[in-house]
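Chain letters run A, B, ... following the sequence lines, proteins first, then strands; residues in each count from 1.
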Amino acid sequence: MHADLSPGEAPRHPRSRAPIHRRFRRPLFRTPHTMPRYDPKRIEPKWQAYWEQNETFRTPDFPQGPKLYVLDMFPYPSGEGLHVGHPEGYTATDITCRFARMRGQTVLHPMGWDAFGLPAEQHAIKTGTHPRETTYRNIATFRRQLKMLGFSYDWSRELATTDPDYFRWTQWIFLKLFDSWYDPEFGWTDHRGQARVGKGRPIAELPIPADIQAQGTDAVRRYQDRHRLAYQQEAPVNWCPALGTVLANEEVIDGKSERGSHPVVRIPLRQWMLRITAYAERLLSDLDHVAWPESIKLLQRNWIGRSEGAEVDFYIGTPGSPANAAGFAAWQTSRAASRFPLQPSEDVVRVYTTRPDTLYGATYMVLAPEHPFVDRLTTATQRSAVEAYRQQASMKSDLDRTDLAKEKTGVFTGSHALNPVNGQPVPIWIADYVLASYGTGAIMAVPAHDLRDWEFAVQFDLPIIPVVAPPEGYEHSRDELALERTVKGTVQRPFAGEGTAIHSDRYNGTPTAQFKKQITGELAERGLGRGAVNYRLRDWLFSRQHFWGEPFPIWHELDADGNPTGLMRTDAESELPVLLPEMRHFKPHGRPEPPLAEAPDEWRFQTAADGVRLARETNTMPQWAGSCWYYLRFIDPKNSQAFIDPAKEAAWMPVDLYIGGAEHAVLHLLYSRFWHKVLYDRGCVQGDEPFHRLVNQGMILGEAELTGYQRANGTWISARDIAPGQTDEGVIEKGTGQAVKPVSLAASQVTKKGGDFVLADQPEIIVESRSFKMSKSRGNVVNPDVVVDQYGADSLRLYEMFMGPLEATKPWSTTGVEGVSRFLARVWRSITDEQADEIRLHPGVQNVEPTPEQNRLLHKTIQAVTQDIENLSFNTAISRLMEFNNALASSEVRPRKIVEPFVLLLAPLAPHLAEELWQLLGHGKTLAYEPWPSFDPRLLVLAEVEIPVQIGGKMRGKVTVPTGADEATVLQAIHADSKLGGQLAGKQIVKTIFVPDRMVNLIVK
RNA sequence: GCGAGAGUGGCGGAAUUGGCAUACGCGCCAGACUUAGGAUCUGGUCCCGCAAGGGUUGAGGGUUCAAGUCCCUCCUCUCGCACCA
C-alpha cells in the first residue's frame, strides 16, 4: 500500500543508524581513559534494584496524613508487549506520585492486568496453548517492561483479573447485581445528606403483586427474575456458520467476519443483561460531582441521551375486531376513568414522541419489525410481504439498518389505528428505521415535521399535513432543503423546528413549547398519554460466547427431560470462585453456543440437595467486568474475607487522579460508575462516584512521513489532486479516477513553499506531510525496549513528557529523544567531573553561598516546576529545568545550595539520574521522601524591571526602572531615553495607559 | 450531517489568561577542539530589508489604548456520534 523506497535513495532505517555508531565508536575515539559519562545502563538497573529491595514505594494499609490515590488504566497484556503509548500516561502518574510523596502525601499507586480477552483465546484456538499460559507469559513481559521504566508502583498490590482470587469477587459482585432490583420510587438520603429518589434494593424486598403470589413460588421466582439488575433475555448475536462461532461486534465488518470474510447472521440467543438503564438518570446527574474534562462528560451525556416527551396510546381495537368508531368511544370513556395504565393494554399501540404538539399531523404509524403486535396487525393480504420484510430485517445488524445513505424501506400491515386526539384512522406500517429497542418500539409519524418521516412518506406516497408554522423569517436548514419537493407547482419542505400550531383544532396559534406542556397534561387527564423520559442508553449485554472470561456463578434448573425450566439458582458465596473447567481443545464446536458447552460433565452438571438437576451457565462475562472494580481491589488486594475492607475503602476512595486513553471515555467509565453505584446502593462502598479527577492522555503517532504521489507512468501528481478517501486499490487521482501510487520521500527531496511542502526539483508538485497512528502494518511502531536500550528509561520518560501537552495527540520524533537524552547528559556533566578518571563531583560544586542571581533563578525554577507539575504541564516543567541547567553549566561555581534542590526538582521526572546524583552529593538514602524544595517569593522580585513602551499601541522601545516605579518615574525615564524621547519630541501625550512593572502605552497626537 | 477540540518558525511546542509573540528542545548554518565527527563546546537562526524600518499567530472582519488570547463569518485538520422518534 505504501511504497517504502524513495527514488534515488538507498533504503534507510530511521532508528538504527546513529546509536549503533555511537555505541561502538565513542569509546574508541575517546581520550585514553574512559571518562565517567552519563550511563543509564549502569544507573537505572541499580536504582530499580534499590527501590525493590528497600520496598521504597510500598504503601501502608492506611494513609498517614493526606492520601492521594493515583491510578492508571491498567493494560491488556497483549502479545506485542508494551507500546510507547502506555508509558505516556504511566509516566505522568508516576511523576505526580513521586512529587506528592516528597510533599508528604501518602500515595497509593498500584498496577495490574486486564487479562481476560479474546486474543489469548484466539491464540489458543490456533496453537492449542492454554490462554492462561499465554496470558501469564504476556504479563511477565509487561511487568518487566514497566519495571524497566522505573515506575514507583507498589508492586505488592499487583493483580490480574484472571486470578481466581480476583474474579472470585467479580463473581461476588455479579451475585450482588443478581440479588438487586431498582426501586424508582424509593426515597432516601445520600452520603452528602441530599434527599434522593430511586435506589437499588435487595430482591427480597421486591413487592410481589397478589396475582403473582397466588400462582405459587415458581411464578414469584420468575417475577423476581424479571426485575433483577442482572437478568436474561433473548438477544441477537453474530453467528458465523462458516467459522462455527459467535463473533463480537468488532469482529464483524460490513456483515462479514473480520477473519475470512464469511457471512455473519444475526440469531437470537439467551443472553445476560445488566439493567444499567435504571441508573441512567443518576449516571447523568452525578457527572456534576466529578472533575472530568467537559468533553468527556459531554460524550457520556450524549451516550446516555436523555430526551423528554410523551407516551401516547393509539387505539387499534382488539384482536379479531379492528378499530372502529364505537370501540374508540368506549375506549376513551374507560380510559378517562382508569387513567393511563403503566403497561399498554392489548387494544392500543403505545408510541413515544418528543413532539406531542404534532399529534394532529400524525398521518401514519410505524412499528419496528420486531414489535410484538406486528403479527396480529398484519392482514391476510399483507402477510407475505410483511413476513418477507421481517425476515430481511432480522438479518441486518443495527449498523446496517442505520446506514443513512440508504432509502427508507417498509411495508404496510393492512391495519389502522385511531388518532387519540381526533379519531382519524392512520395506517400502521412496519419499517426498520424504527428501532425496537428505543422508546416503545413504535412511533407516530409526522412527516411534515420529522425529516425521517418525511422521507418515508414521500417514498410511499403517504399524506403530509403541516401542523406547525415556522416562525417569521425562518430559514430552512440544509437538511430540510435537501428534502424539498414540488407538488403541482408548489414547493414543499419539511420543518423540524419549533413554531406555532396550525391545523390543530382549538390549539391553533399555540407556540410549540406551550403546546407540548398543555397537550401532555390534557392527554394525561383523559388517560390517553403521559409525560415520559427516554434514554438512548441500552441495557448492557453482559454475556459473551467465549472461554477466556469469568464464569457466571449461576445454575439452570432442568426438568425430567433435561431441558431448562427457566428457573435459576446461584452458587453460594462460600463456593466462589467458580473456576473455568480444564479443557484441552479450544476449537469452535460448530454450534451457536459458547465453548463452555463442551466442558466436562462434572463441571457442567450437578444435582442439588433437593434432587433437582442443574446445568451450569456456559456464557462468560465480558472483558469489561474485571475492569469495572479493580480500583477497589487495589486498596485491599489480599483480603480473603471480603472484596474490600470498608475501613480501607473509606480511607482511600475515591481515586483522586485517573489517567488513561480517551477510547474508554464512554464504556469503561460508564460501566464502572454503574457498578459503583449499585455497590453504593447496597451499602458495600461509601461514595457514589469512583473517579474524582480524570485526565485523558493523547495518542502518540508515528514519526512524520512525507508522501508524494506518482502515476503509473512515473510522473508526479500534486497531493491536492488526490481524491479524498481511499479505495481498496489505493489512491485515486481526482480528475481521471486513475490509480496513483503513494511514495515515501526523504526530507532532502522536499522543500517548503508557502504553506505547503513541495518536491525540491518540481516545486509545482505538492507533497503530503503527516503522521499516522502507529501500526504494525505501516511499520512505524516504536518499541520502548529499543528506546530504553539506546537512551535509557529516564530519557524515554522525559521525552514523552516533553513532546507536548499530556492531552494532545503528538507525533514521535527520534531526534527529540536524542535531545532530552543530551539534556540529561548535560545535567550529569554539570554536577559530575568529566575530567576525572572516576566518578566524582564537579569541582565547581562547593559549599558556598549562591549569588543573588543564582538564588533568584533557583527560586523562580522551584515556583514554576511546582506549579507545572501540579497542573500536569510536564513539558514546561522540563523546559524550566533545562533553562536552569543551562545557567548552572555556564557558571564556574555551582553552590550545593542550588544544586541539591535542582536534583530534587528533577527527581520526579528523571528519578534514576536524580537518585544517582543525590547519592554522589553525599546522601545515604533515597530521595523519594526528601521534602520538596520550597521557594521564597521575596527572592523572585528583581530590583529593576525592564518595561516595554508602546507609542500609539506599537512597541517602540523599553526602559529600565526600579521595581514598583510609579507612572511619573516611568514617564521621566521614557523622556530621558534617547530613542523614545526623540520619538515623543514635538508630540502631545493624549492618554497614558500604565500597568505597573508591566508596560506603558502612550497615545500621542 | 450533528457535537467537541485544534490551527503559532523548517519541526514538536511556549506565552502570569487581554499587556515584550516565537521560551525550551529538534533541525539547520558558522566556528572551536580534532587524523576524523553524526560526540562535545561557542555563536547564529520567524519573514522582507545593506540599514533605518516594516511585516507576522489558518483567511477576512470587529471590540479595545492594547488581541495568538474576546466577538462574528469562512476555511482546514483531528476525535466522537450518526435514522434514538
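Taking the ring pair (Phe, Tyr, Trp, His ring centres under 6.0 Å) definition, one finds that A/F460 meets it with A/W429, A/F456, sequence neighbours left out. Partners of A/W540 according to the side-chain hydrogen bond (donor to acceptor under 3.5 Å, both in side chains) rule, which considers only residues two or more places apart in sequence or in another chain, do not exist here. The ring pair (Phe, Tyr, Trp, His ring centres under 6.0 Å) check on A/Y799 picks up A/W812, with sequence neighbours excluded. A/F902 pairs by the ring pair (Phe, Tyr, Trp, His ring centres under 6.0 Å) definition with A/F884, not counting sequence neighbours. Remark: A/F515 pairs with A/Y507 by the ring pair (Phe, Tyr, Trp, His ring centres under 6.0 Å) rule, at least two apart or across chains. Annotation: side-chain contact (heavy atoms from CB on, under 4.5 Å) contacts of A/H859 (sequence neighbours excluded): A/N855, A/F935, A/D936, A/L939, A/L940.
Here A/K954 does not reach the OP1 or OP2 of B/G53: none of its side-chain N or O atoms lies under 4.0 Å away. At B/G12, none of the side-chain N or O atoms of A/N875 fall inside 4.0 Å of OP1 or OP2 (strictly under the cut-off).
Looking at A/E703, its side chain does come within 3.5 Å of a backbone N or O of A/T814 through a donor-acceptor pair. For the pair A/K297 (side chain) and A/L287 (backbone), a donor-acceptor distance under 3.5 Å is present. Using a distance-only test at 3.5 Å, with no hydrogens or angles considered, a donor-acceptor pair links the side chain of A/N419 to the main chain of A/L359.
B/A15 atom P lies 11 Å from atom CD of A/Q867, rounded to whole Å. The interatomic distance linking A/I947 (CD1) with B/C65 (P) rounds to 21 Å, in whole Å. Protein atom CG of A/L824 is 17 Å distant from nucleotide atom P of B/A39, rounded to whole Å. Separating the CG atom of A/D39 from the C1' atom of B/A39 is a distance of 15 Å, rounded to the nearest angstrom. To the nearest angstrom, C1' of B/G80 lies 12 Å from CG of A/N696. In this structure, CG of A/L701 is placed 12 Å from C1' of B/C79, rounded to the nearest angstrom.
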Can you list, pair by pair, the side-chain donor-acceptor contacts under 3.5 Å of residues 860-867 of chain A, counting residues two or more places apart and other chains?
unit_1 : atom_1 : unit_2 : atom_2 : d
A/T861 : OG1    : A/L857 : O      : 2.7
A/T866 : OG1    : A/I862 : O      : 2.5
A/T866 : OG1    : A/W932 : NE1    : 3.0

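The stretch residues 353-368 of chain A participates, sequence neighbours left out, in these salt bridge (Lys or Arg N to Asp or Glu O under 4.0 Å) pairs: A/R355-A/D357.
Nucleic acid contact class of A/S307 (heavy atoms, under 4.0 Å, all strands): sugar-phosphate only.
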Heteroatom pairs (N/O) under 3.5 angstrom, protein to nucleotides 24-28 of chain B:
unit_1 : atom_1 : unit_2 : atom_2 : d
B/G25  : OP1    : A/N886 : ND2    : 3.2
B/C26  : OP1    : A/R822 : NE     : 3.2
B/C26  : OP1    : A/R822 : NH2    : 3.0
B/C26  : O2'    : A/T815 : OG1    : 2.7
B/G27  : OP2    : A/R822 : NH2    : 3.1

Check nucleotides 17-21 of chain B for protein N or O atoms closer than 3.5 Å to its own N or O atoms and list the pairs.
unit_1 : atom_1 : unit_2 : atom_2 : d
B/C20  : O2     : A/K958 : NZ     : 2.6

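Rounded to a whole angstrom, the distance from the P atom of B/G25 to that of B/G44 is 13 Å. The C1' atoms of B/C72 and B/A67 are separated by 15 Å, rounded to the nearest whole Å. Here, B/A59 and B/G7 have their P atoms 13 Å apart, quoted to the whole Å. For the P atom pair drawn from B/A36 and B/C46, the interatomic distance equals 32 Å after rounding to whole Å. Comparing B/U8 with B/C77, their C1' atoms sit 15 Å apart, to the nearest whole Å. Remark: the separation of the P atoms in B/A6 and B/U69 is 13 Å, to the nearest Å. For the P atoms, the distance linking B/A39 with B/C29 amounts to 12 Å, nearest Å. Using C1' as the reference atom, B/C65 and B/C70 are 16 Å apart when rounded to the nearest Å.
Of the listed nucleotides (B/A85, B/C41, B/G54), B/G54 has the atom at the smallest distance from the side chain of A/R956. For A/K810, counting side-chain heavy atoms from C-beta on, the closest listed nucleotide (B/G12, B/C65, B/C83) is B/G12. Taking every side-chain heavy atom of A/I1003 into account, B/C65 is the closest of B/A85, B/C65, B/C81.
In this structure the side chain of A/T992 reaches within 4.5 angstrom of the side chain of A/V1000, judged on heavy atoms. Taking the side chain as every heavy atom from C-beta outward, A/L483 and A/V458 never approach each other to under 4.5 Å. With a 4.5 Å cut-off on side-chain heavy atoms, A/S795 and A/F823 do not count as touching.
Using a cut-off of 4.0 Å between Lys/Arg side-chain N and Asp/Glu carboxylate O, A/E311 and A/R350 are scored as salt-bridged. In this structure, A/E294 pairs ionically with A/R301, as a charged nitrogen and a carboxylate oxygen lie closer than 4.0 Å.
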Problem - Sequence-aligned protein contact record of nucleotides 1-7 of chain B, with B where the base is within under 4.0 Å of a protein heavy atom and S where only the sugar-phosphate is - result: S-SS---

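In this structure B/G58 sits in the anti conformation; its chi angle is more than 90° from 0. Nucleotide B/U17 is shown with a syn base, its glycosidic torsion being within 90° of 0.
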Handout entry: Secondary structure of RNA chain B in dot-bracket form (Watson-Crick or G-U wobble, distances below 3.5 Å, | marking inter-strand pairs)
Key = (((((((..(((......[....)))((((((.......))))))(((....)))..(((((..]....))))))))))))....

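When each of A/Y438 and A/M803 is assigned the nucleotide of RNA chain B with its nearest heavy atom, A/M803 is the one assigned upstream, toward the 5' end.
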